[in-house]
Structures are given as C-alpha cells and as structure tokens.
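Here's the structure we're looking at; comments come further down.
All residue numbers in this chain count up from 1 along the given sequence.
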Amino acid sequence: MVCTGNICRSPIAESVLRRRLEEASLEQAILVDSAGTHDYHVGEPPDERAQRHAARRGYDLSQRRARQVSIQDFERFDLVLAMDRGHLRILQRLCPQPERHKLRLLMEFAQDWREREVPDPYYGGAEGFEQVLDMAEAAALGLLAHLRVST
C-alpha cells in the first residue's frame, strides 16, 4: 500500500487488509506492508486523526511507522498498490521494468466504487478519514477475493 507520507491512507489500507486476512486465516500466507513515495514522515506513527478514526472501527494503527518505498519492495511484493494516479506515476518511474506489472491502484479492487483514487484526507476534516476507511474496506474485500483466486 503506497501513499505520499505513509501516515494516513496507506497505513489505513494496510491495517484494513491485515484484518481481512486474519478473518480469512490468511495472515501467515500473505505479507502486507505500507510505505510512502516521499520521506516526509519516516519513522513517525500514523497521523493522530487516522489512528482515531481507524480505532473507532477496530483497527489499530499505533504500531505502524512511516517508511519510504524502496527498490527492494518491487521484488519483495507481488502487488504494489497506489492510493492515487500520482503515486502510481512515481512508482512507475522507480520500479524496474520487469516488475512494473505489479503496480496497480488499490481501488481497482473495489467492485462497487466508481472512484479509482483514494483522496488525501490530511488537509480536510473527519469525513475524509471516514471516506478513506470506507474505500479501504471496499477495496480489501475485492483484493481478498483476488488473492484467493491467485494463490
């Protein structure tokens, strides 16, 4: 899961998918992580608002720490999911050609959503974090179905 600073969208999406994998007893079979395209917040915990809104839905982001995407991520993971097209373009520039097939938008997996980009809630209010959670939950269901077929 990849967003800009790895303190809002991507740790939320990571935590939501982790929960879905645990519910499906697949947490040992599938590795999930998140990172940012930029190093603005490396080592910091997720944004307090992201933690608060996620906690209301039962997701614990408190142990997450921001990190920046590395070249090794493209080899290590089978999918690298961007929150928006800007992130996707950055990932396409960083990613070695043989690994580019792994790059996708997270929302490609959300079956009942028309939106393909998860908006950045950082400069907005509570409703933005709730929307990110809604989108991550929808995408995680579709992604879980995709992973079941792929594994």
Residues at least two apart in sequence or cross-chain that pass ring-ring contact (aromatic ring centres under 6.0 Å, His included) with H87, listed by chain then number, are none

Next on the checklist: Side chains of C3 and D120, heavy atoms from C-beta outward: is any pair under 4.5 Å?
Outcome noted: no

Minimal heavy-atom distance between A13 and M83, with the atoms involved, is CB-CE, 4.0 Å

Just wondering, do L79 and L143 contact through their side chains at under 4.5 Å, heavy atoms?
yes

| field | Criterion salt bridge (charged side-chain N to carboxylate O under 4.0 Å, His left out) on D84 and R116, from CA distance to verdict | value | CA-CA 7 Å; D84 64 36; R116 287 296 171 241; over 6 Å; no

Residue set satisfying side-chain hydrogen bond (donor to acceptor under 3.5 Å, both in side chains) with R100, at least two apart, ordered chain then number -> Q97

request  = Applying side chain to side chain contact (heavy atoms under 4.5 Å, CB included), run through M1 and L17 and close with a yes or a no.
outcome  = CA-CA 10 Å; M1 309 295 178; L17 182 57; 3.5 Å; yes

| Hey, mind stepping through Y59 and R19 against side chain to side chain contact (heavy atoms under 4.5 Å, CB included) and telling me if it holds? | CA-CA 8 Å; Y59 304 109; R19 166 76 59 76; 3.8 Å; yes

Criterion salt bridge (charged side-chain N to carboxylate O under 4.0 Å, His left out) on R52 and E48, from CA distance to verdict:
CA-CA 6 Å; R52 187 173 58 250; E48 157 58 33; 2.9 Å; yes

Between Q68 (side chain only) and T37 (backbone N and O only), is there a donor and an acceptor less than 3.5 Å apart? yes

So the ring-ring contact (aromatic ring centres under 6.0 Å, His included) pairs with at least one residue in residues 1-39 (sequence neighbours excluded) are H38-Y40

Heavy-atom nearest pair, L103 first then F74, reads CD2-CE2, 3.8 Å

Exercise for the section: For the pair R20 and E137, evaluate side chain to side chain contact (heavy atoms under 4.5 Å, CB included) and give the outcome as yes or no after the intermediate values. Expected result: CA-CA 9 Å; R20 296 298 171 258; E137 289 175 343; 4.0 Å; yes

Taking distance alone, no hydrogens or angles, what donor-acceptor pairs closer than 3.5 Å link side-chain atoms of residues 122-132 to residues at least two apart or in another chain?
from	atom 1	to	atom 2	distance (Å)
E130	OE1	R57	NE	3.3
E130	OE1	R57	NH2	2.6
E130	OE2	H53	ND1	2.7

Q.
If we ignore hydrogens and angles and just use 3.5 Å, is the side chain of E44 paired with the main-chain N or O of A66 as donor and acceptor?
A. no

Side-chain donor-acceptor pairs of residues 105-115 under 3.5 Å, sequence neighbours excluded:
from	atom 1	to	atom 2	distance (Å)
E108	OE1	R104	NE	2.7
E108	OE1	R104	NH2	3.2
E108	OE2	L105	N	3.0

The complete set of side-chain hydrogen bond (donor to acceptor under 3.5 Å, both in side chains) pairs with one or both residues in residues 24-35, sequence neighbours excluded, reads N6-S34, E14-S34, D33-R67

